[in-house]
Amino acid sequence: MAEEVKLFKTWSTPFGLRVVWALKLKGIQYDAIDEDLSNKSALLLQYNPVYKKVPVLVHNGKPISESLVILEYIDETWKQNPILPEDPLEKARERFWAKFNDEKLLPSIWDAFTKEGKEREEAIATSLENLKFVEEELKGKIFFGGEKIGLADLVFGWLANLICVFEEVTGFKIIDERFPVLLAWMQEFLELPIIKDNLPPHDKLVIKYQALYEKYHPAK
Amino acid sequence: MSEEVKVFGFWCSPFSRRVELALKLKGVQYEYIEEDVFKNKSPLLLKYNPVHKKIPVLLHNGKPIAESLVILEYIEETWKANPILPEDPYEKAMVRFWTKFADEKCLPALWKAGWSPENEREKAVDEACECLKTLESALKGKRFFGGETVGLVDIAANFIAFWLRLIQEATGQELLSAEKFPDLFKWTDEFGSCSVVKESLPPRDKLLAFFKARVAEAMDAQTNASK
């Protein structure tokens, strides 16, 4: 049976982008459906009734939601260019750090972007603490996965293309020379053809996040 | 090399009890180390989980793994007896989806509903009931989320089967009832009556007393706040 793979996402979502990267890494053909989140399609709501969110991967008509669940599914279904190692302990490490990004780092940086006053100060402090842990984990490695990218790299990958957008919009540099290993990783990651050739347009991202920033910080 | 397995936990934590349940299900011998999480975490715990400084931590032949769901997947991949995940990638994805839902949505919503102040309670309870309804839909009339045997979703939802009932008793609130959620309620009995599950639960009276003390504390705090 001919394989049918569809990916519901938006043009800018980092959660959809990590799935794009995984599919490209494994050379999987797929149809991309970019959703307008202010007007979600009936299909999206049918495929993800619980969260009503993107990304959703549909493989031969069967939907899978939640980007980390999708990434593990992709790795188990298409075996070329694995994103998870064989060894259970190393696998656990990748999963631990993927969770850390989604549950700690990303939310803290998002708070630093959206909050004001004292809450913002606290969010920045938390983000810096979180970044220190990530810096420590990366020491001695090129990628989180070692010599090649893996699950954690794909999940942290949003830093490589979005942090500069945040910094441009806010005028505040969060990943500075205090994080040399992380900065080196971002550069290496962005140079990979799979990544470089599959990024949302920078200018369009700046416009989008500028508008969001103004929404969260209305001029008084 | 003889296997060395240790679990750093806390007696009333559903998270460390999840890990113990999975190990017991697979017949893995382990040493349990009780941590004093509120007042005095051990240097070993801080060394093994420097990022979160939390329990549970599984130590396998000297190598630490933290985060209960990460630990559960590690246990599944390391000890093959009595699998808690299906073989098929799509079925596996569904199990992981529901595990995440139970862990990231249900638990926080239920906890919030149990302890929220009067003025926020109705909204919190509504949200918690939505979660329970959605989770119940994943059961599809099966005995366990895992089918005929306890699986990853059942283990992740352990809070609902045991802790929630005692919180309800302590607070006088009823979130999970047989009338509102018949399938889920039945599941809590099925799950709770498994011998290996019973061995992985905190002592009922001690936990109930713990929750009753929290209710008293919360009420004192509210009374003082409104003075």
Side-chain angles (χ1 to χ4, degrees), chain A residues 5 19 47-53 55-79 84-105 107-108 126 129-137 151-152, chain B residues 5 19 48-54 56-80 85-109 130-138 152-153:
Chain A
V5 182
V19 178
Y47 285 140
N48 190 0
V50 174
Y51 293 106
K52 306 176 176 52
K53 282 179 168 181
V56 178
L57 186 81
V58 185
H59 184 206
N60 295 332
K62 291 189 183 168
I64 303 126
S65 309
E66 293 295 280
S67 63
L68 295 185
V69 177
I70 296 171
L71 290 174
E72 297 242 16
Y73 175 81
I74 288 172
D75 208 43
E76 282 153 16
T77 305
W78 294 280
K79 304 287 190 186
L84 275 171
E86 288 276 337
D87 174 62
L89 188 66
E90 291 309 307
K91 230 187 247 197
R93 185 202 296 275
E94 294 271 340
R95 287 177 177 141
F96 176 92
W97 286 103
K99 260 175 148 269
F100 182 80
N101 176 75
D102 280 8
E103 293 172 15
K104 299 286 174 200
L105 181 67
S108 64
T126 307
E129 270 167 42
N130 289 336
L131 286 168
K132 274 191 215 141
F133 285 126
V134 178
E135 176 84 358
E136 193 56 41
E137 174 59 20
L151 178 75
Chain B
V5 184
V19 174
Y48 289 139
N49 191 0
V51 173
H52 300 292
K53 305 175 179 54
K54 284 181 169 181
V57 172
L58 180 79
L59 198 69
H60 184 206
N61 295 331
K63 305 259 170 81
I65 302 120
E67 291 295 281
S68 65
L69 296 187
V70 176
I71 296 171
L72 291 176
E73 295 249 16
Y74 176 83
I75 289 172
E76 173 71 351
E77 283 151 13
T78 306
W79 294 282
K80 307 288 189 184
L85 271 170
E87 289 273 339
D88 174 66
Y90 188 75
E91 296 306 313
K92 223 187 255 198
M94 294 303 101
V95 169
R96 287 182 174 135
F97 176 88
W98 288 111
T99 299
K100 257 175 147 268
F101 180 78
D103 194 56
E104 291 173 15
K105 296 290 168 200
C106 288
L107 256 71
E130 273 302 310
C131 281
L132 288 176
K133 187 162 145 229
T134 305
L135 188 64
E136 190 178 54
S137 74
L152 184 63
V153 183

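In what follows, every heavy atom counts, from backbone to side chain, and hydrogens, waters and symmetry copies are set aside.
In this structure, the salt bridge (charged side-chain N to carboxylate O under 4.0 Å, His left out) partners of B:E67, at least two apart in sequence or on a different chain, are A:K99.
The distance between the ring centers of B:H52 and A:F133 does not fall below 6.0 angstrom.
Counted within 6.0 Å of NZ on B:K53, heavy atoms from surrounding residues, nucleotides or ligands total more than 12; the atom is thus considered enclosed. Heavy-atom neighbours of B:K105 NZ from other residues, nucleotides or ligands within 6.0 Å: at or below the threshold of 12.
Counting all heavy atoms, side chain and backbone alike, A:P88 lies closest to B:T78 at CB-OG1, 3.8 Å. Contact between B:I65 and A:A92 at its shortest, heavy atoms only, is CG2-CB, 4.0 Å.
Side chains of B:L69 and A:F96 form no contact here, defined as non-hydrogen atoms less than 4.5 Å apart. Put simply, the side chain of B:M94 does not reach to within 4.5 Å of the side chain of A:K62, judged on heavy atoms. Contact annotation: the side chain of A:I64 approaches that of B:Y90 to within less than 4.5 Å [non-hydrogen atoms, C-beta and beyond]. Side-chain contact between B:Y74 and A:R95 is absent, with no heavy-atom pair separated by less than 4.5 Å.
Listed options A:T77, A:D75, A:L89, A:I70 were ranked by heavy-atom pairs under 4.5 angstrom with chain B; first place goes to A:L89.
Residue B:E104 touches chain A through its side chain alone, counting heavy-atom pairs closer than 4.5 Å. Only the side chain of A:K104 comes within contact range of chain B, with heavy atoms under 4.5 Å apart. If you measure heavy-atom distances from A:E137 to chain B, you find no contacts under 4.5 Å at all. Neither the backbone nor the side chain of B:H60 comes within contact range of chain A, judged by heavy atoms closer than 4.5 Å.
Between the CD atom in B:E73 and the NZ atom in A:K91 there is a gap of 8.5 Å [rounded to 0.5 Å].
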Problem - Worked verdict on A:E72 versus B:R96 for salt bridge (Lys or Arg N to Asp or Glu O under 4.0 Å) - result: CA-CA 9 Å; A:E72 297 242 16; B:R96 287 182 174 135; 3.5 Å; yes
Problem - Intermediate values then yes/no, side-chain contact (heavy atoms from CB on, under 4.5 Å), B:F97 and A:L68 - result: CA-CA 9 Å; B:F97 176 88; A:L68 295 185; over 6 Å; no
